[in-house]
Amino acid sequence: MTTGVTRWTGREVELLREALRMTAEDFAAKVGVTKRQVITWESRGATIKPHVSNQAVLDTVLSTSVPDVQWRFAQMLTENAAVGHDERTEELLRRDPRTVRHPVDGKIMALVEEGIYLSGEAGRSIWVDTFQIDVYPTTNLDYEPFVRATGHQPPRHWPPGGRCPSDLRDHPVVWVTWHDATAYAKWAGKALPTARQWEKAARGSKGRDYPWGDEPTAAKCNTAESGIGRTTPVTRYQSGVSPYGVQDLCGNTWEWCSTPGAAADGPDRFQLKGSAFSSPFERAAPALENAANSRMRDNDTGFRCVSVA
């Protein structure tokens, strides 16, 4: 079952076909449509979105492709977006009045209105006040102005000079501690989400099992089952979107929250949500809890921010 808003456009279909190095005819056979349909998608580019059933097939084709194809697609997607001008971001702003661009870090944020949502595996009714949350995790490109403005230590995977790697600019920033993430949030005039804010943004008010619905579909996110073994662009898994239009909540990277871990976890630990490329899909359910020491940094841990609407 596929639910929620999907984001594949004709332009991305063309990039996927090129990454697969297939003719329109062969690609059509692989996706299960006619050659004419593929040509229509590609000719209309970003102005057309395939049917929801085709979106799911495209996700599956991409997630089951060999790593070389996946990385060709990711590179094409990166090169297709001009620095500081993501067409998908502009589209979100145009069509969804619940989204705003933050005045400091320029990230697009989605509105999550106040109200009760069903929390945890038991589905407890929990009230959460209105807030806004970043549609996408903080990327390397997002993190760079913070490093330049504050002199904060760059992540260990960046080259000398405090500039983000050009091939990872639209990947989530990693190798950041809870303190690093909190410092960025403070600089941007935001905060790290509480575990409840993060969970509501992911599951919606009705407590979906996953952002996209209740079906455990590993192809909708970057977990260990994908076999990719590293981060992917935050815009890659478009059909994994939540009811509030928030992306990349499951897989790719664990995300720091402001909520301390349980007392049994020990001191100076904070909750992490969402699982990562290095973890099995079974850990990606937003209701699950995880925690780590605030000074832990790893190649599979990042963050996103919230603000009071």
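In this chain, residues are counted from 1 in sequence order.
Taking the six-membered ring where the residue is Trp, Y143 and F303 present perpendicular rings, their angle passing 60° and hence far from 30°.
For the pair V33/N54, a side-chain contact is recorded, criterion being any heavy-atom separation below 4.5 Å from C-beta on. The shortest side-chain heavy-atom distance between F270 and C257 does not fall under the 4.5 Å cut-off. Counting only heavy atoms from C-beta outward, the side chains of D105 and W187 approach each other to under 4.5 Å. In this structure, the side chains of V61 and K30 come closer than 4.5 Å at one or more pairs of heavy atoms. Considering only heavy atoms from C-beta on, P211 comes within 4.5 Å of C250 through its side chain. Using a 4.5 Å cut-off on side-chain heavy atoms (C-beta onward), V174 and D298 make no contact. Side-chain contact check for T301 versus W256: some heavy-atom pair is nearer than 4.5 Å. Taking 4.5 Å as the limit, every side-chain heavy atom of Y136 sits out of range of all side-chain heavy atoms of I108.
Without hydrogens or angle criteria, T177 side chain to M296 main chain gives no donor-acceptor distance under 3.5 Å. Side chain of Q55 to main chain of P50: a donor-acceptor pair is present (N/O by atom type, distance under 3.5 Å, no hydrogens or angles). No side-chain donor-acceptor contact under 3.5 Å links T231 to the backbone of H171. In this structure, K220 contributes its side chain and A56 its backbone to no donor-acceptor pair below 3.5 Å.
In the displayed structure, R196 atom CZ is contacted under 6.0 Å by at most 12 heavy atoms of other residues, nucleotides or ligands. Other residues, nucleotides and ligands contribute at most 12 non-hydrogen atoms within 6.0 Å of the CZ atom of R21.
Between H179 and S294, the side chains place a donor N or O and an acceptor N or O closer than 3.5 Å (distance only, hydrogens not considered). Defined by atom type and a distance below 3.5 Å, a donor-acceptor pair is missing between the side-chain atoms of D142 and T138. For the 3.5 Å distance criterion, the side chains of E25 and T23 fail to qualify, holding no donor opposite an acceptor. Checked by atom type, the side-chain pair S307/Q132 shows a donor-acceptor distance below 3.5 Å.
Salt bridge R17/E42: present, at least one basic N to carboxylate O contact under 4.0 Å. We find that R304 and E255 are joined by a salt bridge, their nearest charged nitrogen and carboxylate oxygen being less than 4.0 Å apart. Salt bridge D134/K190: present, at least one basic N to carboxylate O contact under 4.0 Å. Salt-bridge check for R11 with E14: passed, with a basic side-chain N closer than 4.0 Å to an acidic carboxylate O.
Between atom CG of residue N299 and atom CZ of residue R297 there is a gap of 12.5 Å, rounded to the nearest 0.5 Å. To the nearest 0.5 angstrom, T9 atom OG1 is 9.5 Å from I48 atom CD1. Between the OG atom in S65 and the CG atom in L20 there is a gap of 4.5 Å [rounded to 0.5 Å]. Here the straight-line distance linking atom OG of S125 with atom CH2 of W127 works out to 12.0 Å at 0.5 Å rounding. Going from atom OG of S119 over to atom CZ of R124 covers 6.5 Å, rounded to the nearest 0.5 Å. N222 contributes atom CG, which lies 7.5 Å from atom CZ of F277 (distance to the nearest 0.5 angstrom).
Residues V147 and G162 share a closest heavy-atom pair of CG1-O, 4.3 Å. The two atoms that bring G245 and V135 nearest to each other are O-CG1, 3.4 Å, heavy atoms only. Across A202 and P243, no two heavy atoms sit closer than the pair O-CD, 3.8 Å. Residues Y237 and S226 come closest through the heavy atom pair OH-CB, 4.4 Å. Pairing each heavy atom of S242 with each of R208, the nearest pair is C-NH1, 4.5 Å. For the residue pair L249 and A201, the shortest heavy atom distance occurs at CD1-O, 3.9 Å.
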Fill in: side chain to side chain contact (heavy atoms under 4.5 Å, CB included) between R236 and I228, intermediate numbers included
CA-CA 13 Å; R236 177 165 173 170; I228 297 172; 3.7 Å; yes
Item to complete: Kindly indicate, with the supporting measurements, whether the criterion side chain to side chain contact (heavy atoms under 4.5 Å, CB included) is fulfilled by L111 and T99.
Response: CA-CA 6 Å; L111 177 68; T99 58; over 6 Å; no
Item to complete: Mind running side chain to side chain contact (heavy atoms under 4.5 Å, CB included) on V38 and F27 for me, showing each step along the way?
Response: CA-CA 8 Å; V38 172; F27 182 78; 3.9 Å; yes
Item to complete: Any chance you could lay out the side chain to side chain contact (heavy atoms under 4.5 Å, CB included) test for I39 and R36, step after step, and finish with the verdict?
Response: CA-CA 5 Å; I39 293 171; R36 182 176 180 181; 5.7 Å; no
Practice prompt. Please assess E225 against T223 for the test side chain to side chain donor-acceptor pair (under 3.5 Å), listing each intermediate value before the final yes or no.
Written response: CA-CA 5 Å; E225 285 77 2; T223 55; 3.0 Å; yes
Taking distance alone, no hydrogens or angles, what donor-acceptor pairs closer than 3.5 Å link side-chain atoms of residues 278-293 to residues at least two apart or in another chain?
unit_1 : atom_1 : unit_2 : atom_2 : d
S278   : OG     : D300   : OD2    : 2.5
S279   : OG     : W254   : NE1    : 3.4
N293   : OD1    : R295   : N      : 2.8

Using distance only, find each side-chain donor-acceptor pair of residues 152-159 under 3.5 Å and give its atom names and separation, not counting sequence neighbours.
unit_1 : atom_1 : unit_2 : atom_2 : d
H152   : NE2    : D180   : OD1    : 2.7
H157   : NE2    : N140   : OD1    : 3.0
W158   : NE1    : N140   : OD1    : 2.8

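There is a path of hydrophobic side-chain contacts, each under 4.5 Å, that joins W198 to V128. In the hydrophobic cluster analysis, where Ile, Leu, Val, Met, Phe, Trp and Tyr join through side-chain heavy atoms closer than 4.5 angstrom, L15 is grouped together with M22. Linking ILVMFWY residues whenever their side-chain heavy atoms come closer than 4.5 Å, directly or via other members, places Y184 and L192 in the same cluster. Cluster annotation: L118 and Y210 are assigned to distinct hydrophobic clusters (Ile/Leu/Val/Met/Phe/Trp/Tyr, side-chain heavy-atom contacts under 4.5 Å, transitive). Follow the hydrophobic side-chain contacts under 4.5 Å out from F146 and you never reach L141; the two are in separate clusters.
Of the residues listed (E199, R203, K200), the one engaging Y117 in a side-chain hydrogen bond (donor to acceptor under 3.5 Å, both in side chains) is E199, and it is the only one. Shown are V306, T194, T182; of these, the side-chain contact (heavy atoms from CB on, under 4.5 Å) with S258 is made only by T194.
Residues meeting the salt bridge (Lys or Arg N to Asp or Glu O under 4.0 Å) test with R163, sequence neighbours left out: E144.
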